Asks: 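Got a structure for you, written out below as structure tokens; questions coming shortly.
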Amino acid sequence: MKTLRIDLGERSYPIYIGDGLLDEPELIGRHVEGGQVMVVTNEVVAPLYLDRVMAGLNVKEKHSLILPDGENHKHLATVETIFDALLAHRFSRTATLIALGGGVIGDIVGFAAACYQRGIPFIQIPTTLLAQVDSSVGGKTGVNHPLGKNMIGAFYQPQAVIADTRVLDTLPDRELKAGIAEVIKYGLIRDAPFFRWLEEKMASMLARDPEIMSHAIERSCRNKADVVAEDERESGLRAILNFGHTFGHAIETGMGYGRYLHGEAVAIGMCQAADLSCRCGCLSPSDVQRIVDLVSRAGLPTRPPPELDSGKFLDLMAVDKKNVDGRLRLILLEAIGKATLPVSVPMDLLRATLNGYGRTSV
Ligand code: NAD
Ligand code: GLY
């Protein structure tokens with residue numbers, strides 16, 4: 001088992017990464033506070049892993065709540081379902097919530113934990129690659145609004161993140177690839193050697209080679225932990241973690257939540273952002289091609305949906321947390337491994353990317 005630490009003063013916590021961690025209940029027990037625990041999961045993950053987590057909990061009172069599966073349930077009404085269950089069981093402010101699932105469960109449960117009685121402890125047990133490398137780490141929690149992705153939420157750090165790499169065995173290939181998109185992101189924004197390593201090892205990642213996967217998860221978490229430790233509440237540097245996400249969120253919202261997986265939308269968004277970086281004179285055409293090639297070799301989409309024209313894209317991109325005073329701000333790449341902070345980009349270049357990149361077959 002590897003233990004990384006996310007350094008946030010009194011809100012610091014460990015990220016455990018290893019094979020078979022769900023069979024080590026004392027790991028969870030170490031971070032449970034109070035005598036009441038509720039494990040929240042969904043209808044897909046519950047039959048696979050819920051019993052094991054419940055059996056390992058040695059507390060006075062334990063309950064579970066099984067939510068419907070999917071991004072289209074990531075909204076306020078689902079958070080209320082959690083409050084209903086917590087109140088029905090008379091959970092106090094010393095109770096602990098456990099999020100067992102992918103990023104959707106982690107984001108919803110984290111937000112519920114942030115709000116219930118003004119904040120109760122919670123533990124992340126991420127079960128998708130995307131959640132293990134990104135969403136469970138760093139304390140961003142929240143839900144979608146029909147007008148914008150992740151628009152309602154809170155920064156709220158978990159007590160611990162427990163990433164059992166063995167649970168990825170049951171993850172469908174499409175979900176694995178979606179997680180690889182966020183792994184590639186770390187190489188692009190701040191870790192050029194990792195990007196080169198991914199270029200070499202992509203076939204082994206897709207084949208789920210355990211050593212390769214474990215290295216990729218650890219390196220991704222290390223990158224994320226370093227960025228979050230420097231800028232927990234995204235007053236600057238943390239925005240680079242959103243590379244490609246403004247385009248990606250527009251695709252998710254515009255196409256209807258759940259049609260494109262988050263990682264797929266981010267994959268396309270990173271290619272669009274690379275194209276825009278090139279048009280802005282920051283990135284070479286050959287580096288754009290390397291990025292598109294790696295994304296494509298990961299089995300991820302690289303072109304925007306034809307249904308979303310540039311006008312719709314711009315409308316949707318206007319609802320983004322990086323925008324300031326109505327001005328659209330985006331993360332660009334100066335090189336592979338070096339992202340810029342959010343910058344206002346010339347509208348004509350952004351339109352050129354939206355109309356030009358990936359719109360015609362070559
Ligand atoms: P997800 O949570 O929908 O999980 C994907 C699918 O895999 C679901 O059907 C799920 O039930 C299933 N699943 C989960 N674990 C499984 C397993 N071990 N075996 C089989 N099936 C399993 O999607 P995701 O990609 O994990 O997360 C995407 C969400 O994360 C988005 O809502 C996105 O906005 C959010 N996100 C948040 C952050 C953050 O910092 N908070 C960062 C990135 C993404
Ligand atoms: N996924 C973006 C962040 O955690 O900041």
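Predicted model only: the values in this text are computed from it and were never measured.
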Asks: Considering all heavy atoms of both residues, which atom of C221 and which atom of V133 are nearest to each other, and what is their separation?
Replies: SG-CA, 4.2 Å

Asks: Using only atom types and a distance under 3.5 Å, with no angle test, would you say the side chain of N42 pairs donor to acceptor with the backbone of D69?
Replies: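 No.
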
Asks: Quick one: are K140 and F155 in side-chain contact, heavy atoms under 4.5 Å?
Replies: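 Yes, side chains in contact.
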
Asks: May I ask whether L237 and L241 are part of the same hydrophobic cluster, defined by side-chain heavy atoms of I, L, V, M, F, W, Y residues being less than 4.5 angstrom apart, directly or through others?
Replies: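 L237 and L241: one cluster.
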
Asks: Any pair with a residue in residues 23-51 that passes ring pair (Phe, Tyr, Trp, His ring centres under 6.0 Å), sequence neighbours left out, goes on the list, sorted by first then second residue, please.
Replies: Y16-H31

Asks: Can you find a pair of side-chain heavy atoms, one from H63 and one from Q36, that are under 4.5 Å apart?
Replies: no

Asks: Are V39 and V59 in one and the same hydrophobic cluster, where Ile, Leu, Val, Met, Phe, Trp and Tyr link if side-chain heavy atoms are under 4.5 Å apart?
Replies: yes

Asks: Scan the side chains in residues 95-121 for donor-acceptor partners under 3.5 Å anywhere in the protein, sequence neighbours excluded, and list what turns up.
Replies:
{"from": "T96", "atom 1": "OG1", "to": "E33", "atom 2": "N", "distance (Å)": "2.9"}
{"from": "T96", "atom 1": "OG1", "to": "E33", "atom 2": "O", "distance (Å)": "2.8"}
{"from": "D107", "atom 1": "OD2", "to": "K74", "atom 2": "NZ", "distance (Å)": "2.8"}
{"from": "Y116", "atom 1": "OH", "to": "F91", "atom 2": "O", "distance (Å)": "2.7"}
{"from": "Q117", "atom 1": "OE1", "to": "R93", "atom 2": "N", "distance (Å)": "3.4"}
{"from": "Q117", "atom 1": "NE2", "to": "F91", "atom 2": "O", "distance (Å)": "3.2"}

Asks: Could you tell me whether a side-chain N or O of T253 sits under 3.5 Å from a main-chain N or O of A250, the two making a donor and an acceptor?
Replies: no

Asks: Could you check whether any side-chain heavy atom of V319 comes within less than 4.5 Å of a side-chain heavy atom of H249, counting everything from C-beta outward?
Replies: no

Asks: Which one of D173, D169, T165 satisfies the side chain to side chain donor-acceptor pair (under 3.5 Å) criterion with R208?
Replies: D173

Asks: Does a sphere of radius 6.0 Å around CD in E211 hold more than 12 heavy atoms from other residues, nucleotides or ligands, not counting ones at 6.0 Å or beyond?
Replies: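 At most 12 heavy atoms, drawn from other residues, nucleotides or ligands, come within 6.0 Å of this atom.
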
Asks: L328 vs V345, test: side chain to side chain contact (heavy atoms under 4.5 Å, CB included). Steps then yes/no.
Replies: CA-CA 8 Å; L328 200 65; V345 290; 5.6 Å; no

Asks: Rounded to the nearest 0.5 Å, how far does CD of E24 lie from CE of M1?
Replies: 6.5 Å

Asks: In Å, rounded to the nearest 0.5 Å, how long is the span from CG of L294 to CG of L300?
Replies: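 One finds 9.0 Å between CG of L294 and CG of L300.
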
Asks: Count the heavy atoms belonging to other residues, nucleotides or ligands that lie under 6.0 Å from CG of N58, then report whether that count exceeds 12.
Replies: no

Asks: Give a yes or no on whether the backbone of I212 and the side-chain of D209 come within a donor-acceptor separation of less than 3.5 Å.
Replies: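 The answer is yes, because a donor-acceptor pair under 3.5 Å joins these two groups.
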
Asks: Looking only at atom types and distance, does a side-chain atom of Q132 sit under 3.5 Å from a main-chain N or O of D164, one as donor and one as acceptor?
Replies: yes

Asks: As an exercise, state the distance from OG1 of T41 to CE of M54, rounded to the nearest 0.5 Å.
Replies: 11.0 Å

Asks: If I take atom CG from residue L330 and atom CE from residue M317, how far apart are they, to the nearest 0.5 angstrom?
Replies: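 Spacing of CG (L330) from CE (M317) equals 4.5 Å.
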
Asks: Hey, any chance I291 and M205 share a hydrophobic cluster, counting ILVMFWY side chains that come within less than 4.5 Å of each other, even indirectly?
Replies: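 Same hydrophobic cluster.
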
Asks: Looking only at atom types and distance, does a side-chain atom of D231 sit under 3.5 Å from a main-chain N or O of R238, one as donor and one as acceptor?
Replies: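 Yes; at least one donor-acceptor contact below 3.5 Å.
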
Asks: Quick one: does any side-chain atom of R52 pair with a main-chain N or O of D23 as donor and acceptor, under 3.5 Å?
Replies: no

Asks: For a side chain to side chain contact (heavy atoms under 4.5 Å, CB included) check, start with the C-alpha distance between F195 and D191, then their side-chain angles and the critical distance, and finish with the verdict.
Replies: CA-CA 7 Å; F195 186 87; D191 194 346; over 6 Å; no

Asks: Taking only Lys NZ, Arg NE, NH1 and NH2, and the carboxylate oxygens of Asp or Glu, determine whether R297 and D293 approach each other closer than 4.0 Å.
Replies: no

Asks: Donor-acceptor pairs under 3.5 Å, side chain of residues 264-282 to any protein atom, not counting sequence neighbours: which ones?
Replies:
{"from": "E264", "atom 1": "OE1", "to": "R174", "atom 2": "NH2", "distance (Å)": "2.8"}
{"from": "E264", "atom 1": "OE1", "to": "L261", "atom 2": "N", "distance (Å)": "2.9"}
{"from": "E264", "atom 1": "OE2", "to": "R174", "atom 2": "NE", "distance (Å)": "2.6"}
{"from": "E264", "atom 1": "OE2", "to": "R174", "atom 2": "NH2", "distance (Å)": "3.4"}
{"from": "D275", "atom 1": "OD2", "to": "R279", "atom 2": "NE", "distance (Å)": "2.7"}
{"from": "D275", "atom 1": "OD2", "to": "R279", "atom 2": "NH2", "distance (Å)": "3.4"}
{"from": "D275", "atom 1": "OD2", "to": "T353", "atom 2": "OG1", "distance (Å)": "2.7"}
{"from": "S277", "atom 1": "OG", "to": "A273", "atom 2": "O", "distance (Å)": "2.7"}
{"from": "S277", "atom 1": "OG", "to": "L333", "atom 2": "N", "distance (Å)": "2.9"}
{"from": "R279", "atom 1": "NE", "to": "T353", "atom 2": "OG1", "distance (Å)": "3.2"}

Asks: How many angstroms lie between atom NZ of K149 and atom CD1 of I251, to the nearest 0.5 angstrom?
Replies: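 Going from NZ on K149 over to CD1 on I251, the span is 12.5 Å.
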
Asks: Keeping T78 on the side-chain end and H73 on the backbone end, is there a donor-acceptor pair under 3.5 Å?
Replies: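 Here the side-chain-to-backbone pair exists.
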
Asks: Locate the shortest heavy-atom distance separating E218 from K2; write the atom from each residue and the value.
Replies: OE1-NZ, 3.2 Å

Asks: On the 0 to 90° scale, with breaks at 30° and 60°, tag the W197-H215 ring pair as parallel, tilted or perpendicular.
Replies: tilted

Asks: Rounded to the nearest 0.5 Å, what separation is found between the CD1 atom of I6 and the CG atom of D226?
Replies: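 I6 CD1 to D226 CG: 9.0 Å, rounded to 0.5 Å.
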
Asks: Can a donor-acceptor pair be found, under 3.5 Å and without considering hydrogens, that links the side chain of Q124 to the backbone of I162?
Replies: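 No, because the side chain of Q124 does not come within donor-acceptor range (under 3.5 Å) of the backbone of I162.
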
Asks: Carefully, step by step, assess I125 and V167 under the rule side chain to side chain contact (heavy atoms under 4.5 Å, CB included).
Replies: CA-CA 10 Å; I125 306 186; V167 304; over 6 Å; no

Asks: Indicate yes or no: does D315 engage K312 in a salt bridge with an N to O separation below 4.0 Å.
Replies: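 Salt bridge between D315 and K312, a charged N being under 4.0 Å from a carboxylate O: no.
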
Asks: Pair I180, M202 - check side chain to side chain contact (heavy atoms under 4.5 Å, CB included), show working.
Replies: CA-CA 9 Å; I180 293 177; M202 187 49 72; 3.7 Å; yes

Asks: Is it true that K185 and D134 make a salt bridge, defined as a side-chain N closer than 4.0 Å to a carboxylate O?
Replies: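 D134 and K185: salt-bridged.
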
Asks: Are E307 and R259 close enough for a salt bridge, meaning some N to O gap below 4.0 Å?
Replies: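 Yes, charged N to carboxylate O under 4.0 Å.
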
Asks: Looking only at heavy atoms, what is the nearest atom pair of L67 and I82, with distance?
Replies: CD1-CD1, 4.2 Å

Asks: Between K62 and L57, is there a donor-acceptor pair closer than 3.5 Å when you use the side chain of the first and the backbone of the second?
Replies: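 Checking the backbone N and O of L57 against the side chain of K62, a donor-acceptor pair under 3.5 Å is found.
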
Asks: Does any N or O in the side chain of E182 come within less than 3.5 Å of the main-chain N or O of S135, such that one atom is a donor and the other an acceptor?
Replies: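 Not at all, since once roles are kept as given, no pair shorter than 3.5 Å links the two residues.
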
